[in-house]
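Working notes, structure below.
Every number for a ligand or one of its atoms is a count from 1 in the order of the listing. Residue numbers start at 1 and run along the sequence shown.
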Amino acid sequence: MSQKQSITDVLLVGATGSIGRLAVAAARQHGLRPRALVRDLRRAEQLLPGIELVRGDLEDPASLRGAVSAVDAIVLTHGSGGDPDTRRRVDYGGVRNLLQALDGARPRVALMTSIYATRSDIPGNSPWKRRSERLLRASGLPYTIVRPGWFDHAGPAQRRLVLEQGGTADGGIARDQIAETLVRSLLTGTALGKTFELIATEGEEQSDWAGLFDTLKNDASGSVDGVLDPADLPVEAEPQAVRADLDAVRALHGADG
Ligand SMILES: NC(=O)c1ccc[n+]([C@@H]2O[C@H](COP(=O)([O-])OP(=O)(O)OC[C@H]3O[C@@H](n4cnc5c(N)ncnc54)[C@H](OP(=O)(O)O)[C@@H]3O)[C@@H](O)[C@H]2O)c1
C-alpha cells in the first residue's frame, strides 16, 4: 500500500551528512520536495545546491519551529558522533526538541538510529539512540525506525537488503541503500510502526518494498520499545529527566502509550 499521495514536503534533519545528502537525493528522485535543516547556510548551499534550506540547530528548540512548519514527513539522519554527553544533547535531545517543535502536527517520521542501539552488552555503547527511538514511539506519530549496519562495510555485490528485528543483526550496508530505505519507508504503508536493523548480503536489491517491510512485525501499540527489543532498559529505572521527556512528548501529541 503506498501513501505517496499524502507526502510531498519532507524535512531532512542531518541533511548535510553522509547519509542525509543521499536521503535528499532519494527524496527528490521519488518526486518529493526536500527541505533541509542546516546549521551553516553557506556550507549547505555548496553541499545541497538547489535544495530549500532552513537554518536550525537541534540543540536550539526555538530554531526548529520554522523548519517543521507544513511538512508532511521528516527524515532524521543527524548524529553527533561524540562523547556520551554530546549524544545526549544531539542524538537524543535533538529528537525531543524536534518533536516538541511540531506543536501537535503529525508528519510521518523516518528515524535513523544504529545497529547495536539496544546492545547494552557492548562496552562503551550508549543508550541515547535507543532513548531517542522511545521518544518517537511515545509521541504516537506515524513512524519507521531504521537501525543501519556499518556504513559501506558491504561490498559492491552485497545489495540484497536484510531487515531484522531483535537487535542481534551484524553487518554492513551501503550508504545509498540506507537513504533509499528511509525514504521508501515514508512512502510504504507496510513500513508504518516498525523498527528494524538493516544490513545487506550477497545479491541484488529487492524491488518489492511493500513486501520487504511486510515481513516485519509491528512494534507493540503503546510500547516505547521496538518489537523483540531486549527488556534490559526498564523505563521505571530510567533517569527522571528521561521519564519526564517521555511524558512530555506523549502529552504534546495526545499519545496514550
Ligand atoms: N558509521 C557507521 O557505520 C554507522 C552505522 C550505523 C549508524 N551510524 C550513525 O550514523 C550517524 C552518522 O551519520 P552520517 O555519516 O550521515 O553523519 P555525518 O556525516 O557526521 O552527519 C551528521 C549530520 O548531523 C548534523 N548535525 C549534527 N549536530 C547537529 C545539530 N546540533 N543540529 C543540526 N544538525 C546537526 C550535521 O550537521 P553539520 O553539517 O552542520 O555538522 C550533519 O548533517 C551517527 O549518529 C552514527 O551513530 C553510523
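- The protein heavy-atom contact nearest to atom 25 (C) of ligand 1 is G14 CA, 4.0 Å.
- Electrostatic pairing of R159 and D176 counts as a salt bridge here, judged by a charged N lying under 4.0 Å from a carboxylate O.
- Neither the backbone nor the side chain of R147 has any atom closer than 4.0 Å to an atom of ligand 1 (non-hydrogen atoms only).
- The protein heavy-atom contact nearest to atom 37 (O) of ligand 1 is T16 OG1, 3.3 Å.
- Residue I19 touches ligand 1 through backbone and side chain together, judged by heavy-atom distances below 4.0 Å.
- With 3.5 Å as the limit, one finds a donor-acceptor pair spanning the side chains of S120 and D232.
- Ion pairing between R134 and D225 holds under the 4.0 Å rule for side-chain N and carboxylate O.
- Linking Ile, Leu, Val, Met, Phe, Trp and Tyr residues whenever their side-chain heavy atoms come within less than 4.5 Å leaves F196 and I199 in two separate clusters.
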Table please: side-chain donor-acceptor pairs of residues 38-56 below 3.5 Å, with sequence neighbours left out.
{"residue": "D40", "atom": "OD1", "partner": "R42", "partner atom": "N", "Å": "3.1"}
{"residue": "D40", "atom": "OD1", "partner": "R43", "partner atom": "N", "Å": "3.1"}
{"residue": "E52", "atom": "OE2", "partner": "R35", "partner atom": "NE", "Å": "3.3"}
{"residue": "R55", "atom": "NH1", "partner": "R39", "partner atom": "O", "Å": "2.7"}

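- At the top of the distance list for atom 40 (O) of ligand 1, counting protein heavy atoms only, stands R39 NE, 3.0 Å.
- The minimum heavy-atom distance between D91 and S80, with the atom names listed, is OD1-N, 2.9 Å.
- Among protein heavy atoms, atom 31 (N) of ligand 1 sits closest to D57 OD1, 2.9 Å.
- Here the side chains of H78 and L37 are not in contact, with every heavy-atom distance at 4.5 Å or above.
- Looking at heavy atoms from C-beta onward, I74 lies out of side-chain contact with Y143 at the 4.5 angstrom threshold.
- Set against the non-hydrogen atoms of H78, the atoms of ligand 1 under 4.0 Å away are 24 (O), 45 (O).
- Which parts of ligand 1 touch M112 is read off a 4.0 Å heavy-atom cut-off, strictly below it: atoms 10 (O), 11 (C), 13 (O).
- When heavy-atom distances to ligand 1 are checked against a 4.0 Å cut-off, H153 has no atom that comes that close, whether in backbone or side chain.
- With hydrogens left out, the protein atom closest to atom 45 (O) of ligand 1 is K129 NZ, 2.7 Å, a heavy atom.
- Between A36 and A15, the shortest heavy-atom contact is CB-CB, 3.5 Å.
- Under a 4.0 angstrom heavy-atom cut-off, R21 registers as lying outside contact with ligand 1.
- Put simply, no part of D40 is less than 4.0 Å from ligand 1, judged by heavy atoms.
- When hydrogens are left out, the protein atom nearest atom 20 (O) of ligand 1 is G79 O, 4.5 Å; that is the closest non-hydrogen contact.
- Looking at R43 next to ligand 1, an N or O pair under 3.5 Å apart turns up.
- Annotation: I115 places no N or O atom under 3.5 Å from an N or O atom of ligand 1; distance criterion only.
- The salt bridge (Lys or Arg N to Asp or Glu O under 4.0 Å) with E238 is formed by just one residue from the set R131, R130, R243; it is R131.
- With respect to atom 15 (O) of ligand 1, the closest heavy atom belonging to the protein is S18 OG, 2.7 Å.
- E59 is listed as a side-chain neighbour of V90, based on a closest heavy-atom distance under 4.5 Å.
- Nearest non-hydrogen protein atom to atom 12 (C) of ligand 1 is F151 CE1, 4.2 Å.
- Judged by the shortest distance from any of its heavy atoms, G81 lies outside the 4.0 Å radius around the atoms of ligand 1.
- Comparing heavy-atom distances from atom 7 (C) of ligand 1 across A67, S114, A15, A23 singles out S114 as nearest.
- Note that atom 10 (O) of ligand 1 has protein non-hydrogen atoms nearby, at separations under 4.0 angstrom.
- Considering L58, L47, L76 only, the shortest heavy-atom separation from atom 32 (N) of ligand 1 involves L58.
- Scored by the side chain to side chain donor-acceptor pair (under 3.5 Å) test, D170 finds Y116, W150 as partners (sequence neighbours excluded).
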Check: Step by step, would you call T195 with D219 a side-chain hydrogen bond (donor to acceptor under 3.5 Å, both in side chains)?
Finding: CA-CA 7 Å; T195 301; D219 293 339; 2.5 Å; yes
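- In T113, the part holding a heavy atom less than 4.0 Å from any atom of ligand 1 is the backbone.
- Contact annotation: G149 has at least one heavy atom less than 4.0 Å from an atom of ligand 1.
- Counting only heavy atoms from C-beta outward, the side chains of L161 and L198 approach each other to under 4.5 Å.
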